[in-house]
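What follows is a single structure, written as structure tokens, with notes after it.
Only this structure's heavy atoms are used, side chains among them; waters, hydrogens and symmetry mates stay out. Order of the sequence lines fixes the chain letters, A, B, ..., with proteins taken first and strands second; residue numbering starts at 1 for each chain.
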There are 2 protein chains.
Amino acid sequence: MEARHLRYALAVAEHQHFGRAAAALGIAQPPLSRQIADLEREVGERLFDRTPGGVFPTAAGAAFLAPARRALCEMSAAAVEAGRAARGETGRLRVGFIGSALLRFLPSVLAPFRRDHPDVRLELREMSTARSAAALTRGELDLAVGRGAPRGAGAEELVTVTVGRDHLVTVVGTGHPYAGLKTVSLAQLGRQHLIVTPADDEPAVRAGLRALLEDNTLALDTATEARDVHTIIGLAACGVGAGLGPSCMRAAGRPDTWFCDVTPRTPLPDLVLSHRRDDRSPVLAAFLEETRRSATTRARPGRARGAAVSRSDAAR
Amino acid sequence: MEARHLRYALAVAEHQHFGRAAAALGIAQPPLSRQIADLEREVGERLFDRTPGGVFPTAAGAAFLAPARRALCEMSAAAVEAGRAARGETGRLRVGFIGSALLRFLPSVLAPFRRDHPDVRLELREMSTARSAAALTRGELDLAVGRGAPRGAGAEELVTVTVGRDHLVTVVGTGHPYAGLKTVSLAQLGRQHLIVTPADDEPAVRAGLRALLEDNTLALDTATEARDVHTIIGLAACGVGAGLGPSCMRAAGRPDTWFCDVTPRTPLPDLVLSHRRDDRSPVLAAFLEETRRSATTRARPGRARGAAVSRSDAAR
DNA sequence: GGTCGCTCATACCTGTGAGGTATCGCGGGC
DNA sequence: GCCCGCGATACCTCACAGGTATGAGCGACC
């Protein structure tokens with residue numbers, strides 16, 4: 001049985017007349033008669049009653065036509081869905097991201113992406129840079145948002161794009177001696193109890209900090225660790241010590257906290273997107289395109305900081 | 001796009017290999033490659049990634065395959081449903097019946113029919129013989145169970161089958177003078193206040209009664225009318241008078257009622273099935289077949305009364 | 001009641017295209 | 001570098017979808 005048979009049967013049912021159905025199908029009447037006869041032979045039942053008053057479906061014909069209609073619907077739906085999937089309008093995007101990406105990058109990208117791709121299922125999971133990179137190479141994620149390009153096993157299969165730059169800031173509670181200062185020096189920081197992100201989670205960030213505080217590794221080794229920027233800020237607000245984090249962390253500021261730039265101005269590893277090099281997912285491509293677009297529209301009106309996007313490979 | 005393309009695409013997806021898919025389809029590999037290429041051209045998207053490690057659906061391909069599978073399912077379902085409908089296993093049967101058919105005929109036929117045709121939607125509506133015949137010719141019913149073959153406009157388009165015979169009995173309350181009698185005569189009945197079925201509802205029954213009581217038409221003209229056997233019995237129990245009805249009415253007897261045969265033994269119009277002569281519905285045919293079968297199985301062990309089935313035309 | 005007209009079925013022809021065979025191009029692995 | 005496996009390409013062939021001509025059945029109508 002071919003789709004042709006279904007189309008012909010539906011045309012006959014619609015027009016109740018072989019001649020007119022054939023005309024509507026753009027073929028002659030005899031071939032239509034024969035195709036219907038072939039179909040009836042294959043199904044094993046007469047599907048139409050040919051009466052002088054017109055052609056009407058038998059009980060078997062009526063029962064045949066409903067699923068036949070659905071089958072043709074599904075066939076055209078297949079073509080439509082293939083096109084939509086190819087354009088990235090449907091599908092799924094599994095994104096792993098660090099919490100600080102929620103402060104500036106994701107807000108600027110997610111809203112327009114959702115607007116332009118409402119039928120894409122976004123699966124967003126907050127996780128550390130290290131975990132998202134591993135999940136990416138295992139195929140459990142399609143996109144990772146983290147700080148610093150992934151290194152280590154499988155990293156050469158990934159491609160990274162920088163989507164944000166931040167420098168180091170410190171956050172303290174309003175009762176802390178630094179509260180009210182515009183800047184604090186590295187030397188001052190080295191004498192504080194620090195609150196930092198765990199080494200396992202953010203190797204690039206920790207390596208950078210270790211290099212900065214080379215004379216005060218003790219400060220880092222005895223530091224309090226917190227996985228989330230909000231936790232770092234909250235602990236600082238409690239007076240636990242001086243939190244260290246990216247400058248975008250200011251967006252999560254609370255009335256009982258104070259932020260100081262660190263001098264000298266100290267860039268942190270870039271906020272980067274990573275995805276598998278061989279990933280041809282149109283949804284991923286659409287998301288990256290949206291990232292580029294939102295970067296340029298943000299860059300034009302004013303400062304390019306945090307909006308610079310440059311493509312590079314993680315392999316080395 | 002033809003069903004062939006869907007089958008081929010599904011085979012390629014399943015085997016992840018053009019050669020093996022072609023073998024499974026019973027064709028050579030080159031035609032399969034070409035059909036897939038044709039399909040991709042028609043859809044406008046590449047559906048499969050041909051890699052050295054195997055053939056895998058692209059995002060568009062994956063989106064295509066799901067509805068394609070459903071389309072093929074619907075196609076085979078169409079053939080199956082046509083067969084089931086042709087065998088009367090699915091469909092609808094709208095039956096109009098007089099209340100007394102619930103006493104003997106319908107109980108013997110409906111249970112086995114439902115058991116053998118569980119997916120047929122039975123629409124059962126209690127109505128008078130006159131109304132069911134009219135609804136039948138208007139196409140609002142498929143089958144009518146009534147007393148006496150339909151006459152009048154449209155009756156020649158109907159076919160009737162006798163499914164039950166009854167003779168006249170009378171029912172009285174236990175306080176009535178006839179209570180305890182085995183039989184009462186027509187003459188005795190003519191002196192009673194009667195409870196009978198309305199003339200509009202059951203013309204054949206009323207005509208028969210009128211002929212019987214020719215000397216006592218007054219008794220009929222002043223009779224109480226009740227549409228339903230249960231109402232006739234109930235009114236008789238209340239002492240309103242002597243109810244007249246078919247012998248199968250005994251099956252609805254109550255402790256406060258008494259039934260007497262009428263002498264001489266007086267046959268009532270047959271209980272008949274009617275259906276449109278041009279109705280080719282397999283469900284109807286299956287129901288009639290079930291009727292015949294249950295009649296013969298009931299006839300064998302004992303009395304054939306009420307089970308005799310004879311086919312005849314209502315036209316005259 | 002014979003004829004006409006309408007409609008679907010049948011007979012037969014034709015051209016397209018599905019499927020066959022042979023072969024090429026291209027990676028990957030030894 | 002060579003071989004092997006796999007999909008693509010080239011070309012052929014025949015089945016079958018579709019075309020034309022005509023037949024068969026059945027109302028309608030004069």
Under a 4.5 Å cut-off applied to non-hydrogen side-chain atoms, are L65(A) and P57(A) in contact?
-> yes
Find the distance I27(A):CD1 to dT20(D):P and express it as a whole number of Å.
-> 12 Å
For atom CD of Q16(B) and atom P of dC6(D), their distance in whole Å | 13 Å
Does the side chain of V205(A) reach to within under 4.5 Å of the side chain of T129(A), using non-hydrogen atoms?
-> no
Determine all donor-acceptor pairs shorter than 3.5 Å in which one atom belongs to a side chain in residues 75-85 of chain B; sequence neighbours excluded.
from, atom 1, to, atom 2, distance (Å)
S76(B), OG, L72(B), O, 3.4
S76(B), OG, C73(B), O, 3.0
R84(B), NH1, D119(B), OD2, 3.4
R84(B), NH2, D119(B), OD2, 2.8

With sequence neighbours excluded, tell me which residues meet side-chain contact (heavy atoms from CB on, under 4.5 Å) with R138(B).
-> A134(B), A135(B), E140(B)
Pairwise distance CD(E74(A)) to CD(E74(B)) - rounded to 0.5 angstrom = 6.5 Å
Within residues 5-14 of chain B, residues whose heavy atoms come under 4.0 Å of DNA chain C | Y8(B)
Numerically ordered, the residues 28-39 of chain A set in heavy-atom contact under 4.0 Å with DNA chain C is Q29(A), P30(A), S33(A)
Verify, without hydrogens or angle tests, whether R276(A) (side chain) and L136(A) (backbone) share a donor-acceptor contact under 3.5 angstrom.
-> yes
L39(B) and M1(B): side chain to side chain contact (heavy atoms under 4.5 Å, CB included), yes or no, with the steps?
-> CA-CA 7 Å; L39(B) 176 61; M1(B) 199 192 307; 3.9 Å; yes
For residues E202(A) and I98(A), report the shortest heavy-atom separation together with the two atoms involved.
-> OE2-CG2, 3.3 Å
Would you say R4(B) and I27(B) make side-chain contact, with heavy atoms under 4.5 Å?
-> no
Gap between atoms NE2 and C1', on H15(B) and dG7(D) respectively (whole Å) | 17 Å
In whole angstrom, give the distance that lies between atom NE2 of H17(B) and atom P of dC4(D).
-> 16 Å
Going by heavy atoms in the side chains, are D200(B) and S128(B) under 4.5 Å from each other?
-> no
First and last nucleotide of DNA chain C, 5' to 3', lying under 4.0 Å from heavy atoms of chain B | dA18(C) to dG28(C)
Using side chain to side chain donor-acceptor pair (under 3.5 Å) as the criterion, list what pairs up with R131(B), not counting sequence neighbours.
-> none
Could you note down all residue pairs passing ring-ring contact (aromatic ring centres under 6.0 Å, His included) where residues 116-153 of chain B supplies at least one of them, sequence neighbours left out?
-> F113(B)-H117(B)
Got a sec, which residues hit salt bridge (Lys or Arg N to Asp or Glu O under 4.0 Å) with E40(A), two or more places apart in sequence or on another chain?
-> R46(A), R50(A)
Nucleic acid contacts of residues 18-26 of chain B, taken as heavy-atom distances under 4.0 Å to DNA chain C | G26(B)
Would you find a donor on one side and an acceptor on the other, under 3.5 Å apart, between the side chain of R7(A) and the backbone of E2(A)?
-> no
Roughly how bent is the helix from dG1(C)-dC30(D) to dC30(C)-dG1(D) end to end, in steps of 10 degrees, with each end axis from five pairs?
-> 20°
Looking only at non-hydrogen atoms, find the nearest pair between E290(B) and P112(B) and report the distance.
-> OE2-CB, 3.4 Å
Side chains of residues 11-23 of chain B: which donor-acceptor pairs under 3.5 Å do they make with residues two or more places apart or in other chains?
from, atom 1, to, atom 2, distance (Å)
H15(B), ND1, A11(B), O, 3.0
H17(B), ND1, G19(B), N, 3.1
H17(B), ND1, R20(B), N, 2.9

Does any non-hydrogen side-chain atom of D142(A) lie less than 4.5 Å from one of F287(A)?
-> no
So which protein nitrogen or oxygen atoms get under 3.5 Å of nucleotides 25-30 of chain D's nitrogens or oxygens?
none

Between atom CG of L25(B) and atom CD of Q35(B), what is the distance when rounded to the nearest 0.5 Å?
-> 10.5 Å
